[in-house]
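Here's the structure we're looking at; comments come further down.
Values below: every heavy atom of this structure, side chains too, minus hydrogens, waters and symmetry copies. Just so you know, residue 1 is the first one in the sequence shown, and it goes up from there.
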Amino acid sequence: MSRASRPGQSRPTAVIVIAPDERSAEIHVEGHRQVVTGRVPRETRRAALDVATGYAARIGQPVLVDARDAHGYWHLIATPDGVVQAADQAVPESAPAPRPPTVPEGGGSSGKRTLAIVGSAVLALVLLVGAGAIVWRFLPGSPTGTGPEDTADVTTLNHPAPPHFSEIVDFGQELAPDTQPGVSREGDLLVYVDPQERLNLLDAEGERRWAVDLPTASGEFLGAPRFVEYGGETAIVMETAGTLWLWPASGGAPSSVDLPEDTAAQYVGASVLVRNEEEAFVLSGEELERVEVPAGSAPMLAEGEEVLAAVLNGPWTWIDADGDAVDVNPQRPENGGEMESVVTALREYVIVRWEPLRGEGTVLAFHDSRDGSVVGSAEVDPDELEDVRHRSGPVGTDVVAYGPVVMDPENGRTSVVSGLEPDIAVGSLVFGRLDGAPAAVDAEGGVERAEEDSVQPSGLLGERAIVVHEDHLYAIPPE
C-alpha cells in the first residue's frame with residue numbers, strides 16, 4: 001500500500017490515517033499495518049509519527065509520510081534521526097482527501113478542529129476555508145502562507161519538549177559526536193563544535209558569526225565550551241589536559257595557557273580560576289598570575305584578575321595579583337541571628353547560613369559578593385541542604401537556585417521547594433529534578449513536571465531554549 005500510494009516513488013513511504021475521533025491512527029509501512037492510540041489527539045499523532053521515524057531509523061534513510069485525517073492531507077518526510085518536516089512540494093488544493101477508517105459509534109469530529117502533525121512533538125495547523133482559499137495558520141515559530149502554493153519547512157522534535165517550550169524547531173545544528181554546546185549566561189551567544197571539528201559561534205538569531213578549526217581533536221577537550229571574561233572581553237574557553245584554549249568572541253586567533261600538573265580550572269565565577277590546595281591563579285594574557293590569598297582563606301572564584309577568598313565563618317576578601325585586598329562583611333538577614341558558616345560563592349553571590357532569630361532550622365542567605373548586602377533569604381530545614389551540589393548552572397540572571405531555595409534576584413523574594421535538585425537556570429525557570437523526577441520551577445515556587453523522556457535545556461538563546469538530542473542541537477521557541 002505504501003509505495004503503491006505514490007506511483008513512481010522509489011523512496012519508502014508510510015501512510016498515516018487519523019481516525020475522526022483522533023483517538024487512534026492506522027499506519028501502513030511497506031505493506032504492514034499498525035494501529036496506535038492516544039488519550040488526546042497530540043498523543044495519537046506522536047505515536048503515529050514515532051512509527052514512521054522508527055522505520056526511517058531502522059532502514060537508515062528518510063521515509064515519505066502521507067498523513068491525513070477527516071480535514072486534510074499532508075506530505076511529510078521522516079528522517080533517520082527522528083526529525084519530521086514538510087515535504088518540498090505542497091499537495092494541490094484539488095487533491096481528494098482519502099476516506100478515514102471506520103470507528104466505533106460515538107466517535108466524531110468537530111468542524112475546524114486543530115490538527116497536530118508531530119514527530120514526537122506537536123505542530124497545530126488550523127484549516128480555514130473561505131471564498132475557495134485555503135489558509136494554513138501555524139503556531140508561533142512558523143511562517144504563515146496563503147494559498148496552496150505556499151509551503152513551510154516545519155521541523156519538530158522527536159521527543160517531548162521541556163516545560164514552557166514548543167516542540168517546533170526554529171533551527172538546528174549537527175554536533176561533533178559526544179560534545180555539548182555552550183550558551184552564554186546573557187543568552188546572546190551560542191558556541192558548539194561541528195562534525196568537521198570546527199568551533200562555531202552563533203548569535204541570538206542563530207546567525208553564524210564565525211567558525212574556526214580546533215587546534216586539536218574534539219575528543220581531547222574536557223567538557224563543553226564556556227563563556228568567560230578574559231582580557232576585558234567575552235571569550236570562549238575550552239580545556240584539554242594541561243592547556244586552556246581561549247577564543248575572543250569578537251573573532252581572532254586563540255590564546256593558550258598552560259596549566260601546571262597539580263592544578264585544576266574552575267568556572268563558577270565570571271572568569272577562570274586555576275588553583276590547587278595552596279595556591280590560586282588568574283589568567284593574565286597567556287600566563288597564569290599567582291594571587292596570594294589570606295592565611296586561612298580558600299579561593300572560591302575569579303572575576304577578571306581578582307579572586308574571592310573566604311573563611312568558614314567571617315568576612316570574605318577580594319584580592320588581586322598585586323596584593324590589593326578588600327574585605328567584605330556580610331549583612332545580617334532580617335530573620336537571621338549569628339552566622340553559622342559561609343557555604344559557597346557562585347557568580348555574583350556568596351551563600352551564607354545563619355542561625356534563625358527564633359525557632360529551629362537555618363536561614364540561607366544570598367549575599368552580594370561585592371558589598372555583602374542580602375539579596376534574598378529563606379528559612380529552610382538543614383536536612384534539605386545536605387549533599388547540595390555547589391553549581392553555578394542554577395545561578396541565572398532572572399532566577400537563582402541553591403538546593404531547594406529559589407530566588408528572584410530582582411526583588412529578593414524566595415521560595416523553598418522541598419526535594420528540588422536544581423541543574424540549570426533557563427530564563428525565569430530552574431530545571432532539575434524534584435524528588436527524582438524532571439521538573440521546572442519558577443521563583444514563586446510553582447512547579448511543572450516534565451515528561452520523563454524530555455530533554456533538559458542547555459541554556460536560553462534569546463527566547464529559544466537550546467536542547468541536545470543524539471548529537472544535534474535544536475533551538476525551540478517558547479509556547
Give a yes or no on this: more than 12 heavy atoms of other residues, nucleotides or ligands lie within 6.0 Å of atom CD of E286.
yes
Salt bridge check: are E452 and R433 linked by an N-O gap of less than 4.0 Å?
yes
Here the gap from W245 atom CH2 to L214 atom CG, rounded to the nearest 0.5 Å, amounts to 10.0 Å
Which distance, rounded to the nearest 0.5 Å, do you find between the OG of S297 and the CD1 of I319?
8.5 Å
Would you mind checking if R413 and E444 are paired as a salt bridge, meaning a charged N to carboxylate O distance below 4.0 Å?
yes
Nearest-0.5 Å distance, CG of residue D324 to CG of residue D322
5.5 Å
Report the C-alpha separation of V374 and H367 in whole Å, then their side-chain angles, then the decisive distance to 0.1 Å, and conclude whether the side-chain contact (heavy atoms from CB on, under 4.5 Å) test is met.
CA-CA 5 Å; V374 177; H367 295 265; 3.5 Å; yes
Between S271 and G304, is there a donor-acceptor pair closer than 3.5 Å when you use the side chain of the first and the backbone of the second?
yes
Would a 4.5 Å heavy-atom cut-off, applied to side chains only, mark D453 and H159 as touching?
no
Flag yes if more than 12 heavy atoms outside D435 fall under 6.0 Å of its CG atom; otherwise flag no.
yes
Nearest heavy atoms of A78 and A56, plus distance in Å
O-CB, 3.6 Å
Any donor-acceptor N/O pair, S184 side chain to D188 backbone, under 3.5 Å
yes
Are E197 and S218 close enough that a side-chain donor and a side-chain acceptor fall under 3.5 Å?
yes
Looking only at heavy atoms, which two atoms of D258 and P260 are closest? And how far apart?
O-CD, 3.9 Å
Keeping S284 on the side-chain end and E289 on the backbone end, is there a donor-acceptor pair under 3.5 Å?
no
N-O pairing of R353 and E379 below 4.0 Å
no
Is a donor from one side chain sitting under 3.5 angstrom from an acceptor on the other, for E340 and T362?
yes
Measuring only between side-chain heavy atoms, which start at C-beta, is V468 closer than 4.5 Å to L175?
yes
Is the CD atom of E410 crowded by more than 12 outside heavy atoms at less than 6.0 Å?
no
Pair V193, M238 - check side-chain contact (heavy atoms from CB on, under 4.5 Å), show working.
CA-CA 11 Å; V193 177; M238 296 184 72; 4.1 Å; yes
Heavy-atom closest pair (W247 atom, P215 atom, distance to 0.1 Å) is CZ2-CD, 3.6 Å
Take W210 and L199 through the side-chain contact (heavy atoms from CB on, under 4.5 Å) test and state the conclusion after the steps.
CA-CA 8 Å; W210 48 254; L199 188 67; 4.1 Å; yes
Tell me, with the steps shown, if T216 and T240 meet side-chain contact (heavy atoms from CB on, under 4.5 Å).
CA-CA 9 Å; T216 187; T240 61; 4.0 Å; yes
Roughly how far, to the nearest 0.5 Å, is CG of N276 from CG of D262?
4.5 Å
Assess whether a salt bridge exists between R464 and D170, defined as any Lys/Arg side-chain N lying under 4.0 Å from an Asp/Glu carboxylate O.
yes
Is the shortest distance from a Lys or Arg side-chain nitrogen in R389 or D423 to a carboxylate oxygen in the other one below 4.0 Å?
yes
Should E207 and R209 count as an ion pair when the cut-off is N to O under 4.0 Å?
no
Closest contact, heavy atoms only, L308 versus S369:
CD1-CB, 3.8 Å
Does CD in E233 sit with more than 12 non-hydrogen atoms of other residues, nucleotides or ligands closer than 6.0 Å?
yes
Does the distance from a Lys or Arg side-chain N to an Asp or Glu carboxylate O, for R347 and E229, drop under 4.0 Å?
no
W318 and R370, any side-chain heavy atoms less than 4.5 Å apart:
yes
Answer yes or no: is there a side-chain heavy-atom contact under 4.5 Å between Y230 and V237?
no
Check whether any side-chain N or O of S454 sits under 3.5 Å from a backbone N or O of P162 as a donor-acceptor pair, and report yes or no.
no
With side chains defined as the heavy atoms from C-beta onward, is the minimum distance between P181 and I466 less than 4.5 Å?
yes
If you define the side chain from C-beta out and look only at heavy atoms, does anything of P457 sit under 4.5 Å from F431?
yes
Thinking salt bridges, do R46 and E167 make one under a 4.0 Å N-O criterion?
yes
With a 4.5 Å cut-off on side-chain heavy atoms, are H164 and L429 touching?
yes
Ignoring hydrogens and geometry, is there a side-chain-to-backbone donor-acceptor pair from R185 to V395 under 3.5 Å?
yes
Note: V363 and N335 closest approach over all heavy atoms is CG2-O, 3.5 Å
Within the 3.5 Å criterion, strictly below it, is a donor on T317 or D327 matched to an acceptor on the partner's side chain?
yes
Here the gap from L473 atom CG to S458 atom OG, rounded to the nearest 0.5 Å, amounts to 8.0 Å
Look at the rings of Y349 and F366 and say which category their plane angle falls in: under 30° parallel, 30 to 60° tilted, over 60° perpendicular.
perpendicular
Side-chain donor-acceptor pair present, E174, Y192, cut-off under 3.5 Å
no
What distance do D194 atom CG and Q173 atom CD have between them, rounded to the nearest 0.5 Å?
8.5 Å
Side-chain heavy atoms of P394 within contact of V406, under 4.5 Å
no
So which heavy atom on A253 is nearest to which on P248, and how close?
O-CD, 3.7 Å
Cation-pi check for W354 against R332: NZ or CZ below 6.0 Å from the six-membered ring centre and within 45 degrees of the axis, yes or no?
no
